[in-house]
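Note that ligands are numbered from 1 as they come in the structure, with each ligand's atoms numbered from 1 the same way. Only heavy atoms go into these numbers, but all of them, side chains included; no hydrogens, no water, no symmetry mates. Heads up: numbering here begins at 1 and tracks the sequence.
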Amino acid sequence: MALLLIRQDGKTPQWLNAFKFQDTKIECYNFNEPHPKEKITMALVWKQPHGLLGQYENLKCVASMGAGVDFIFEDPSFHNGLLMTRVVDPLLITDMEEFVMAQIYAHMKGLYQYQIQQSKSHWQQNPYLRKKDITLGIMGMGVLGSATAKALVTQGFNVFGWSNSKKQIEGVTTYEKEDLDLFLQQTNVLVCLLPLTPETNGILDLSLFSKLPKSAFIIHVARGPHLVREDLIQSIDQGHLSGAAIDVFPIEPLEENDPLWVHPNIYITPHCASISSPESVVAQIIVNYNRLMSNQPLLNQVDTAKGY
Ligand code: NDP
Ligand code: OXD
């Protein structure tokens, strides 16, 4: 049995080192170096080239290097005979909480506007918001959404949450699927933390934006295809939304000449809200590799029927 790492952005050595440091017994290979294909039983992947998984006849499990698994479902060589796992990791959670909080405070205090003013050497005090003015709505109350909601309640924010099934979280007003409109009507800062599935693809559109109160702000940290960008630009340009902080895009990196870069009310970050740390995540991959070898149930297994 052996583990194959498949990712193409130059970060594979960091992951291989983390394995070497924590458990030298597992045979780990980089997919673009020579390796014994018949030995591969588990693939640890991030945006793998489509079709590649089909070359491994003894493959049993595909493990995402992150929390999201949309890119695995999109690969035609993934099939239902394979198990799928994802990352649930304390660092990934606190990193997301902190990123969302940072965006909320930047919005409240108008910090992005001051950056623009600085670029023009323009000294001007602007009005700002206080916590009492903010009603935060989190779409997707899973591992990351629920933890972020709890962290925001601790900071004294008024928090709403929306998910497929209703949640019970102290201090958070929660809504289930059917109550989307009710949730949106009360939300003036909307955080998207949904998984990307056929149902959630394109969910951040004109119709949804129109149900938010005037001047609402969007913090999108989930996946690029959730957002219909033309609808976002229209809602901002027509003055319905006050702006958006966007961390994820359908094609990453965002192209250099993309007009989103220069929109004065859209604030771009390079998919950095919360980045899997190999040093932290590899431990759970090792546990799952050993569980797979001994036919035990896996940790953080994805329900492939549900799609997340
Ligand atoms: P989870 O699977 O734990 O949570 C998903 C949540 O979304 C659940 O509450 C689920 O409801 C809800 N949901 C799913 N489909 C629907 C729907 N159709 N309507 C309403 N609610 C729905 O995921 P995580 O919290 O771990 O991660 C969320 C996403 O965040 C990831 O899939 C990934 O895309 C993104 N992400 C982005 C990062 C970044 O750096 N920008 C970093 C890490 C993750 P229920 O609970 O009822 O099942
Ligand atoms: C993830 C991500 O899914 O980084 O973990 O987006």
Side-chain angles (χ1 to χ4, degrees), residues 7 9 11 15 44-48 63-74 84-100 102-103 137-151 160-169 172 174-184 190-205 208 218-227 244-250 252-254 267-278 280-281 284-285 299-308:
R7 82 180 277 163
D9 61 359
K11 290 188 178 173
W15 285 85
L44 179 58
V45 301
W46 183 253
K47 299 186 181 174
Q48 74 286 356
S64 170
M65 288 188 200
V69 288
D70 44 288
F71 61 93
I72 303 177
F73 282 113
E74 281 163 14
M84 191 194 291
T85 64
R86 69 189 197 98
V87 169
V88 176
D89 175 67
L91 268 187
L92 201 69
I93 295 172
T94 48
D95 286 356
M96 182 57 81
E97 292 169 10
E98 288 163 3
F99 184 88
V100 170
Q103 291 291 9
I138 301 181
M139 297 178 83
M141 292 292 283
V143 171
L144 299 175
S146 296
T148 302
K150 286 180 202 161
F160 300 83
W162 177 75
S163 48
N164 249 333
S165 56
K166 193 165 160 65
K167 306 282 180 262
Q168 294 288 343
I169 301 175
V172 181
T174 54
Y175 294 96
E176 59 197 321
K177 201 153 175 195
E178 298 62 51
D179 295 331
L180 178 61
D181 289 5
L182 203 55
F183 161 83
L184 293 171
L190 182 73
V191 178
C192 182
L193 266 170
L194 287 166
L196 181 64
T197 65
E199 250 186 72
T200 63
N201 195 316
I203 192 167
L204 300 178
D205 67 359
L208 180 141
I218 310 295
I219 299 174
H220 182 32
V221 282
R223 283 293 182 264
H226 286 125
L227 176 69
I246 315 287
D247 185 54
V248 284
F249 303 88
E252 296 179 356
L254 184 63
Y267 314 115
I268 307 275
T269 48
H271 198 145
C272 61
S274 177
I275 300 172
S276 285
S277 152
S280 183
V281 165
Q284 66 184 259
I285 305 297
L299 307 179
N300 309 324
Q301 197 172 327
V302 175
D303 180 343
T304 52
K306 246 182 14 177
Y308 64 93

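In this structure, the side chains of Trp15 and Ser276 come closer than 4.5 Å at one or more pairs of heavy atoms. Side chains of Leu180 and Met139 form a contact here, defined as non-hydrogen atoms less than 4.5 Å apart. Within the 4.5 Å cutoff, no side-chain heavy atoms of Leu194 are placed close to those of Tyr308.
Residue contact annotation: Trp46 has a non-hydrogen atom under 4.0 Å from ligand 2. For the pair Arg223 and ligand 2, a heavy-atom separation below 4.0 Å is found. Residue-ligand proximity: Ala273 is placed with every non-hydrogen atom at 4.0 Å or more from ligand 2.
Using modelled atom types, no side-chain atom of Thr85 and backbone atom of Asn300 make a donor-acceptor pair closer than 3.5 Å. For the pair Asp247 (side chain) and His220 (backbone), a donor-acceptor distance under 3.5 Å is absent. Gln284 places no side-chain N or O within 3.5 Å of a backbone atom of Val87 that could act as its donor or acceptor partner. In terms of modelled atom types and a separation under 3.5 Å, the side chain of Trp162 and the main chain of Thr174 share no donor-acceptor contact. At least one donor-acceptor pair closer than 3.5 Å links the side chain of His226 to the backbone N or O of Pro195. Formation of a donor-acceptor pair under 3.5 Å by the Ser277 side chain with backbone atoms of Ser280 is found in this model.
Polar contact with ligand 2: present for His271 (N/O pair, distance under 3.5 Å). An N or O contact shorter than 3.5 Å is missing between Leu92 and ligand 1 by distance. Polar contact with ligand 1: present for Arg86 (N/O pair, distance under 3.5 Å). Taking only nitrogen or oxygen atoms, main chain and side chain alike, Gly140 does not reach within less than 3.5 Å of ligand 1. Distances between N or O atoms of Gly68 and those of ligand 2 include at least one value under 3.5 Å.
Of the candidates Ile138, Asn164, Val88, Asn164 brings a heavy atom nearest to atom 21 (N) of ligand 1. Scanning Val248, Val87, Leu144 for the heavy atom closest to atom 27 (O) of ligand 1 points to Leu144. The closest non-hydrogen atom to atom 18 (N) of ligand 1, taken over Met96, Glu199, Lys167, comes from Glu199. Of the candidates Thr174, Thr200, Leu193, Leu193 brings a heavy atom nearest to atom 30 (O) of ligand 1. The heavy atom nearest to atom 40 (O) of ligand 1, considering only Gly307, Cys192, Ala67, Ser274, is found in Ser274.
Scanning the protein for heavy atoms near atom 19 (N) of ligand 1, the closest one is Trp162 CH2, 3.4 Å. Remark: minimum distance from atom 32 (O) of ligand 1 to any protein heavy atom is reached at Pro195 CA, 3.4 Å. Closest protein heavy atom to atom 47 (O) of ligand 1: Ser165 OG, 2.5 Å. Among all non-hydrogen protein atoms, the one lying nearest atom 5 (O) of ligand 2 is Ala67 N, 2.7 Å. For atom 22 (C) of ligand 1, the closest non-hydrogen atom of the protein is Leu194 CD2, 3.5 Å. Here the protein heavy atom with the shortest distance to atom 37 (C) of ligand 1 is Val221 O, 3.0 Å. Looking from atom 8 (C) of ligand 1 to the surrounding protein, the closest heavy atom is Gly142 N, 3.6 Å. With respect to atom 33 (C) of ligand 1, the closest heavy atom belonging to the protein is Arg223 NH1, 3.6 Å. Of all protein heavy atoms, the one lying nearest to atom 48 (O) of ligand 1 is Tyr308 OH, 2.5 Å.
Below 4.0 Å from some heavy atom of Asp247 lie the following atoms of ligand 1, by number and element: 39 (C), 40 (O), 41 (N). Of all atoms in ligand 2, numbered sequentially from 1 with element shown, those under 4.0 Å from a heavy atom of Ser274 are 4 (O). The ligand atoms of ligand 1 that sit less than 4.0 angstrom from a heavy atom of His271 are 39 (C), 40 (O), 41 (N). When each atom of ligand 1 is checked for a heavy atom of Ala273 under 4.0 Å away, the hits are 39 (C), 40 (O), 41 (N). Near Ala222, with a cut-off below 4.0 Å to any heavy atom, the atoms of ligand 1 are 34 (O), 35 (C), 37 (C).
How far CZ of Phe183 is from CG of Leu190: 5.5 Å, rounded to the nearest 0.5 Å. Atom CG of residue Leu182 and atom CZ of residue Phe160 lie 9.0 Å apart, to the nearest 0.5 angstrom. The CG atom of Leu208 sits 4.5 Å away from the CG atom of Leu184 when rounded to the nearest 0.5 Å. One distance of note links CG of Leu193 with CE of Met141; it measures 9.5 Å at 0.5 Å rounding. Taking NZ from Lys47 and CD from Glu74, the interatomic distance works out to 9.5 Å, rounded to the nearest 0.5 Å. Taken to the nearest 0.5 Å, the OG1 atom of Thr200 stands 9.5 Å off from the CG atom of Asn164.
Checked options Asn201, Thr197, Leu196; the residue passing with Arg223 is Leu196 (criterion: side-chain contact (heavy atoms from CB on, under 4.5 Å)).
If you look at Phe99 next to ligand 1, there are no close heavy atoms at all, none under 4.0 Å. The proximity of Ser163 to ligand 1, defined as any non-hydrogen pair under 4.0 Å, involves the side chain as well as the backbone.
A donor and an acceptor atom, one from each side chain of Ser165 and Lys167, are located under 3.5 Å apart.
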